[in-house]
Amino acid sequence: MTWSTADIPDLTGRRALVTGATSGIGYETALELLRHGADVIVAARNPEKAARAAERLTQQGGRAPTVLELDLADLASVQRAADEVLAKYDRLELLINNAGVMAPPYRQTVDGFELQLGTNHLGHFALTGRLMPVLLKGSRVVTVSSFMHKGARGISEADLRRPADSYRKWDAYCRSKLANLLFMLELDRRARAAGAELLSVGAHPGYASTHLQAAGPELAGRALQAQLWGLATRLVAQSAAAGAWPSLYAATYADLRPGSFVGPAFFEYRGTPKVVLPTRTAQDPELAQRLWAWSVDATGVDPALTVPR
């Protein structure tokens, strides 16, 4: 299959919210959505950085996005952001759960969760759940995972609050990406069971050149390691724009089946997007149901997939 951004249909009149859209894959995703006519909400933690990104997006995309302050590592911020969206809009055709952190030194979220699971999964779980009133009107939810989910053999409730003395940054990252897929597939199962007009799909970028690889060493104060990561990434990875293709395909391809997972075609490393397979663990419905229940308890958000009448 050949596909490029030229195949994205006209999105005029459709509203999209992209988390983590100030740089990297999120920025490129937001840019292409703008170029194809969508009304885009750029959700980001840092208001100043978001404003600068919005200015660049306006210049490159020909249309101005809306900026939404959102810190996925703070459940109160997630609630404020969702409340703002619900107060302003009665529909949201696209939600792209893109933002994430990768392999930082041990940190906790504002609410005491291990940072990677707390941000990459719980923050997006809570955001999606709180936005459900506008998502149950014919929307598509794209959850961005990683081929690194293959490194996770499982996940437990204890992982949500894993202490520093048993923290392994890459193990935690793999678990967070597994959690993204478990959530995406469980949301799909629940939406179909409820007869909801909501399409839940997933994507992963392969190996793309973004700041994400260097961010962990920077947080640890390892400037040289961060520089080496950045250099290696620029040498061997595909561009952030190409890394955004699976997300854009998942967000806009008309005939995509519910629960599909989209990644790059060339060994899931780079290239044009295609539907790929998650691991057996990611497809385990019992594990997904347990993670859903743990996430409800952790966030206080119980996504209601009741179809509006």
With distance as the sole test, does Q283 use its side chain to make a donor-acceptor pair with the main-chain N or O of P278 at under 3.5 Å? yes
Is any side-chain heavy atom of L256 closer than 4.5 Å to one of V262? yes
Scanning both residues in full, the closest heavy-atom pair of A82 with L127 reads CB-CD1, 4.4 Å
Check the orientation of Y253 and Y249. Use parallel for under 30°, tilted for 30 to 60°, and perpendicular for over 60°. parallel
How far does CZ of R45 sit from CG of L72, to the nearest 0.5 angstrom? 10.0 Å
In this structure, CG of L117 is separated from CH2 of W294 (nearest 0.5 Å) by 10.5 Å
Is it true that the NZ or CZ of R190 lies under 6.0 Å from the centre of W292's six-membered ring and within 45 degrees of the ring axis? yes
I'd like to know whether D39 forms a salt bridge (Lys or Arg N to Asp or Glu O under 4.0 Å) with R63, so could you lay out the CA-CA distance, the side-chain angles of the two residues, the decisive distance to 0.1 Å, and finally the verdict. CA-CA 8 Å; D39 298 318; R63 309 178 73 251; 2.9 Å; yes
What verdict does the side chain to side chain contact (heavy atoms under 4.5 Å, CB included) test give for L277 and F261, after you've listed the backbone C-alpha separation in whole Å, the side-chain angles of each residue and the deciding distance to 0.1 Å? CA-CA 7 Å; L277 284 177; F261 183 37; over 6 Å; no
What heavy-atom pair brings L11 and T252 nearest, and what distance separates the two atoms? CD1-CG2, 4.2 Å
Run Q289 and E186 through side chain to side chain contact (heavy atoms under 4.5 Å, CB included) and show every step you take. CA-CA 7 Å; Q289 290 168 18; E186 182 63 11; 3.5 Å; yes
Within-4.5 Å side-chain heavy-atom neighbours: L187 and L305: yes
Under the side chain to side chain contact (heavy atoms under 4.5 Å, CB included) criterion, do L95 and V142 qualify, and how do the steps go? CA-CA 6 Å; L95 171 61; V142 181; over 6 Å; no
Spacing of S295 atom OG and R290 atom CZ [to the nearest 0.5 Å]: 12.5 Å
On a heavy-atom basis, which atom in T109 and which in A73 lie closest, and how many Å separate them? CB-O, 3.2 Å
Can you check side chain to side chain donor-acceptor pair (under 3.5 Å) on E84 and Y89, steps first, answer last? CA-CA 9 Å; E84 184 176 336; Y89 310 111; over 6 Å; no
Quick one: does D71's side chain have a donor or acceptor within less than 3.5 Å of a partner on S77's backbone? no
Treating Ile, Leu, Val, Met, Phe, Trp and Tyr as nodes and any side-chain heavy-atom pair under 4.5 angstrom as an edge, say whether F147 and L182 lie in one connected cluster. no
Where the side chain of E93 meets the backbone of R15, is there a donor-acceptor pair that is under 3.5 Å apart? yes
Would you compute the distance between atom CD1 of I8 and atom NE2 of H36 and round it to the nearest 0.5 angstrom? 4.5 Å
Minimum heavy-atom separation for A50 and T22, please, with both atom names. CA-CG2, 3.7 Å
Closest heavy-atom contact between L92 and L131? CD2-CD1, 4.0 Å
Modelled atom types, side-chain donor and acceptor of Q60 and Y27, under 3.5 Å: yes
For a side-chain hydrogen bond (donor to acceptor under 3.5 Å, both in side chains) with Q116, tell me which candidate from W170, Y106, Y167 qualifies. Y167
Checking I96 against R140 for the side chain to side chain contact (heavy atoms under 4.5 Å, CB included) test, could you report, in this order, the C-alpha distance in whole Å, the side-chain angles of both residues, the deciding distance, and whether it holds? CA-CA 8 Å; I96 302 182; R140 187 178 297 205; over 6 Å; no
Single-linkage hydrophobic cluster, 4.5 Å side-chain cutoff, I155 and L181 together: no
According to a hydrophobic-cluster definition based on side-chain heavy atoms being under 4.5 Å apart (Ile, Leu, Val, Met, Phe, Trp, Tyr only), do M184 and L291 belong together? no
About how many Å separate CD of E32 and CG of L57, when rounded to the nearest 0.5 Å? 11.0 Å
Correct closest heavy-atom pair for A43 and L17 would be CB-CD2, 3.8 Å
Report whether V42 and V18 are members of the same hydrophobic cluster (ILVMFWY, side-chain heavy atoms less than 4.5 Å apart, transitive linking). yes
Flag the pair V201 / P258 as yes when at least one side-chain heavy-atom distance between them is below 4.5 Å, and no otherwise. no
Taking the side chain as everything from C-beta on, heavy atoms only, tell me whether K169 gets closer than 4.5 Å to Y173. no
Side chains of P285 and R189, heavy atoms from C-beta outward: is any pair under 4.5 Å? yes
Can you see whether H124 engages T143 through a side-chain donor-acceptor pair at a distance of less than 3.5 angstrom? no
Using modelled atom types only, decide if a donor and an acceptor are shared between the side chain of S260 and the backbone of R257 within a distance under 3.5 Å. yes
Which word best sums up how the rings of W3 and W245 line up, parallel for under 30°, tilted for 30 to 60°, or perpendicular for over 60°? perpendicular
Would you mind reporting whether T281 and L178 have side-chain heavy atoms less than 4.5 Å apart? yes
Between S146 and H149, is there a donor-acceptor pair closer than 3.5 Å when you use the side chain of the first and the backbone of the second? no
Between the side chains of S200 and D188, does any donor sit under 3.5 Å from an acceptor? no
For ring pair (Phe, Tyr, Trp, His ring centres under 6.0 Å), just list the numbers for H121 and F113, CA-CA rounded to whole Å, side-chain angles, deciding distance to a tenth of an Å, and then say yes or no. CA-CA 11 Å; H121 167 61; F113 301 108; over 10 Å; no
Does one hydrophobic cluster hold both V67 and L31, with members joined at side-chain heavy-atom distances below 4.5 Å? no
Heavy-atom check, side chain of T58 versus side chain of E55, under 4.5 Å: no
d(D171 CG, M148 CE) to nearest 0.5 Å is 9.0 Å
Looking at R162 and D159, is any side-chain nitrogen of the basic one under 4.0 Å from a carboxylate oxygen of the acidic one? yes
Heavy-atom count around R91 CZ within 6.0 Å, excluding the residue itself: above 12? yes
If you define the side chain from C-beta out and look only at heavy atoms, does anything of L122 sit under 4.5 Å from L160? yes
Under 3.5 Å, is there a donor-acceptor pair linking the side chains of N98 and T29? no
Does V144 offer a backbone N or O that forms a donor-acceptor pair with the side chain of K177 under 3.5 Å? yes
Taking V134's backbone N and O only, do any of them form a donor-acceptor pair with D90's side chain (distance below 3.5 Å, no angle check)? no
Atom CZ of residue position R35 - does it have more than 12 heavy atoms of other residues, nucleotides or ligands inside 6.0 Å? yes
